[in-house]
Amino acid sequence: MVGLKRGMKRIASYLLCLSLAAGSWGCGWVGELEENSAAEDLGQLQAGGDGVSGQDIFKLLPEPELDYLVPEQYPGIWISLGGYDSKGSKELFFCGRSLPETFRIMDTATGQCVYTGRLEEARYDADTGEYYSYGDFSDFVDVGEYYIDCDIIGRSYSFALQEGRLQEQFRQAMTRLQQQGQELPPGTEAVRGMLQQIIWVLLSYELYPDVYEDGDGNQIPDVLEYMTEAVRVIVGRQESAEPDELTYELAAALAKYSHSYQKYDSRYATDIIQLAAGLWQQAEKARAGQGGMNGEQARLMAAAELYRATGQQKYAAVLEVSQGGILQKAQEGAFDRYDYLAAVTYIATKQKVDVELCNRLIRVMMNRAEQIAAGIPRLAYREVDQEKNAIDDMMWDMAFLSVVNYAITNYEYGHIIESQYYFLWGRNAKSYCFWEQDISQSPAWTACYLMMLSEMRATG
């Protein structure tokens, strides 16, 4: 019996050595190894012959070989990396295979729990195999630096509660706005982005003037001074070129600027509207000669802005004509982004308008707002890794929803805008901050973001 036990031990030792050798080659070698190679090395290890020892076979490398991929890890608690206004609404989200019932707000400096809240009823997502829930801590208003901690899924990134946080971020966006107007790079697309910025920012100023400040006390809102700088840069870059789609966009932006700036400097505003009218004539002449221009999406928007600024009927006729006018495009479902902005301007003008046309355009805008609201994906399906076009659509949609919410003050729209705002600030599955990485790099997106902030400040 003793001999049998010893024999079993020898067999076990042999098998252990064999498994160790196979395991070593499996991790350290690339390619196919023949079976006899494994047997030879094992024999050398056991015999210690040919100068090969077990220490040489299993010698550690001088540095680790980390040639494998580690899956990205993200917190299961989603918060705004930009913080929250201490006196505003404050929500956070949770996701995981299993969720706790409560969460704790911890003071970053002391590590002490300062607030305990409850998660709302969790929802299960069969596609991801995870539960999703949210918590509300709007009643916690103490200014400071915190993080969220809870059982099962751990802790969040740090965030701040601060008085006037939205106002501070608004000023941050305004500073970026000024920089973009001064550093406009060459190229058609850069000019187009700046023109879109001028249009969106001035529309935001028209709807929500009270949120814009006069920081230097010269009786001219800072935003109009920034837009004046941008306009002068663009006008100064004009070159002799064949009229194209950009000509209509430029005419629209300049007409909108002239309308907003006329009470502060009527002479300069007059010069700008004359320039806009000249650009319109160039574009119309080219259009007539070509039998229509390729991609003239901004034509109706330019007509609307010029009609409001000048009151000349020829521009209204372009909008109101039965064939090719704004109503026909609405009926055909052919509205694009600039057509919605044309509708906003036409409805808002103090010039004589077709009341029935205004009513129809209002319905078109309401329908578009409902489409945007219905198309916002549920939290679980909000993509973070978005292409440029997807971000562009998201920013335009939120800016337009902010415009509609000015007219009807819909609680649902306001909540969507606020939710999307925090999503952009990192309250998402990958804690990705769109403002820092994407939005602040684009003049048009910065303007759309500013529209969102204007709406939130005005209604919050």
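Enclosure of atom NZ in K329 by more than 12 non-hydrogen atoms of other residues, nucleotides or ligands within 6.0 angstrom is indicated. Within 6.0 Å of CD in E101 there are 12 or fewer heavy atoms belonging to other residues, nucleotides or ligands. The neighbour count for Y264 OH, taken as heavy atoms of other residues, nucleotides or ligands under 6.0 Å away, is above 12. Heavy atoms from other residues, nucleotides or ligands lying under 6.0 Å from CD of E121 number 12 at most.
Remark: the Q196 side chain and the Y338 side chain contain an N/O donor-acceptor pair separated by less than 3.5 Å. Inspection of the E284 and Y248 side chains reveals an N or O donor paired with an N or O acceptor under 3.5 Å. T102 and T116 form no side-chain donor-acceptor contact under 3.5 Å, judged by distance and modelled atom types alone. Defined by atom type and a distance below 3.5 Å, a donor-acceptor pair is present between the side-chain atoms of E455 and N405.
Rounding to the nearest 0.5 angstrom, the gap separating the NZ atom in K256 from the CG atom in L306 is 11.5 Å. Annotation: the span from M194 atom CE to I234 atom CD1 amounts to 6.0 Å, rounded to 0.5 Å. Between the CG atom in L424 and the CD atom in Q437 there is a gap of 12.5 Å [rounded to 0.5 Å]. Interatomic distance, T459 OG1 to Y406 OH, rounded to the nearest 0.5 Å: 12.5 Å. A distance of 11.5 Å separates CH2 in W280 from CD in Q312, rounded to the nearest 0.5 Å. To the nearest 0.5 Å, atom CG of residue L177 and atom CZ of residue R171 are 15.5 Å apart.
The closest side-chain heavy-atom distance from L300 to Y346 is not below 4.5 Å. In this structure the side chain of L195 reaches within 4.5 angstrom of the side chain of L246, judged on heavy atoms. Side-chain contact check for V114 versus F140: some heavy-atom pair is nearer than 4.5 Å. At a threshold of 4.5 Å between non-hydrogen side-chain atoms, the residues Q386 and D438 do not count as touching. The shortest distance between side-chain heavy atoms of P221 and P209 does not fall below 4.5 Å. In this structure, the side chains of Y261 and I272 stay at 4.5 Å or more apart for every pair of heavy atoms. Side-chain atoms of R104 and D151, non-hydrogen and from C-beta on, do get closer than 4.5 Å to each other. Residues C113 and I105 form no side-chain contact, since every pair of their non-hydrogen atoms from C-beta on lies 4.5 Å or further apart.
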Step by step, would you call S204 with S454 a side-chain hydrogen bond (donor to acceptor under 3.5 Å, both in side chains)?
-> CA-CA 7 Å; S204 174; S454 299; 2.9 Å; yes
side-chain contact (heavy atoms from CB on, under 4.5 Å) between Q274 and D271, worked out = CA-CA 5 Å; Q274 289 176 347; D271 292 341; 4.2 Å; yes
Do F103 and D149 pass the side-chain contact (heavy atoms from CB on, under 4.5 Å) test, and can you show the C-alpha distance, the side-chain angles, and the key distance before you say yes or no?
-> CA-CA 6 Å; F103 67 91; D149 182 63; over 6 Å; no
Check the pair Q262, Y268 against side-chain contact (heavy atoms from CB on, under 4.5 Å), reporting the backbone distance first and the verdict last.
-> CA-CA 8 Å; Q262 59 183 336; Y268 185 65; over 6 Å; no
Worked check of side-chain contact (heavy atoms from CB on, under 4.5 Å) between Y340 and V404 = CA-CA 11 Å; Y340 286 110; V404 175; over 6 Å; no
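Formation of a donor-acceptor pair under 3.5 Å by the S133 side chain with backbone atoms of E120 is found in this model. Listed for the N428 side chain is a donor-acceptor partner under 3.5 Å among the backbone atoms of Y432. A side-chain donor-acceptor contact under 3.5 Å links N367 to the backbone of R363. Using a distance-only test at 3.5 Å, with no hydrogens or angles considered, no donor-acceptor pair links the side chain of S419 to the main chain of H415. Side-chain N or O atoms of S86 include none that pairs as donor or acceptor with a backbone N or O of D142 at under 3.5 Å. A donor-acceptor contact shorter than 3.5 Å links the side chain of K90 to the backbone of G88. The backbone N or O of Q112 lies less than 3.5 Å from no partner atom in the side chain of D107, so there is not a single donor-acceptor pair. Of the possible donor and acceptor atoms, one in the side chain of T108 sits under 3.5 Å from a partner among the backbone N and O of E145.
Proximity of the aromatic rings of W396 and W445 is defined here by a centroid distance below 6.0 angstrom, and this criterion is not met.
Salt bridge status for R192 with E189: present, with a side-chain N to carboxylate O gap under 4.0 Å. Taking 4.0 Å as the cut-off between side-chain N and carboxylate O, K388 and D393 do not count as a salt-bridged pair. Taking the charged nitrogens against the carboxylate oxygens, R337 and D392 do have a contact shorter than 4.0 Å, which makes a salt bridge. Of the charged side-chain nitrogens involved, at least one lies within less than 4.0 Å of a carboxylate oxygen, so that D397 and R368 count as a salt-bridged pair. Between E249 and R299, none of the side-chain N atoms (NZ, or NE/NH1/NH2) sits under 4.0 Å from a carboxylate O, so this pair counts as no salt bridge.
In this structure Q180 satisfies the side chain to side chain donor-acceptor pair (under 3.5 Å) test together with Q197, T446, sequence neighbours excluded. Judged as a side chain to side chain donor-acceptor pair (under 3.5 Å), and not counting sequence neighbours, T409 has no contacts. With sequence neighbours excluded, no residue forms a ring-ring contact (aromatic ring centres under 6.0 Å, His included) with Y413. In this structure, E91 has no side chain to side chain donor-acceptor pair (under 3.5 Å) partners at least two apart in sequence or on a different chain. For R360, the side chain to side chain donor-acceptor pair (under 3.5 Å) partners two or more places apart in sequence, or in a different chain, are E356.
Nearest heavy atoms, L99 versus A122: CD1-CB, 4.0 Å. Heavy-atom minimum distance, I326 versus A343: CD1-N, 3.9 Å. The two residues I152 and P100 come nearest to each other via the heavy atoms CD1-N, 3.8 Å. Nearest approach of F400 to W200, heavy atoms of both residues: N-CH2, 3.8 Å. Closest approach of I273 to A309, counting heavy atoms only: CD1-CB, 3.6 Å.
A side-chain hydrogen bond (donor to acceptor under 3.5 Å, both in side chains) with T345 is found for one member of E305, R308, H259 and no other, namely E305.
Ring orientation note: the planes of Y124 and Y131 are tilted relative to one another, at an angle of 30° to 60°. Note: F159 and Y146 have tilted aromatic rings, judged against thresholds of 30 and 60 degrees for the angle between ring planes. Taking the six-membered ring for Trp and thresholds of 30 and 60 degrees, Y84 and Y422 have ring planes inclined between 30 and 60 degrees apart. The aromatic rings of F93 and W78 sit tilted, their planes meeting at an angle between 30° and 60°.
Residues in residues 153-165 take part in these salt bridge (Lys or Arg N to Asp or Glu O under 4.0 Å) pairs, two or more places apart or across chains: R165-E168.
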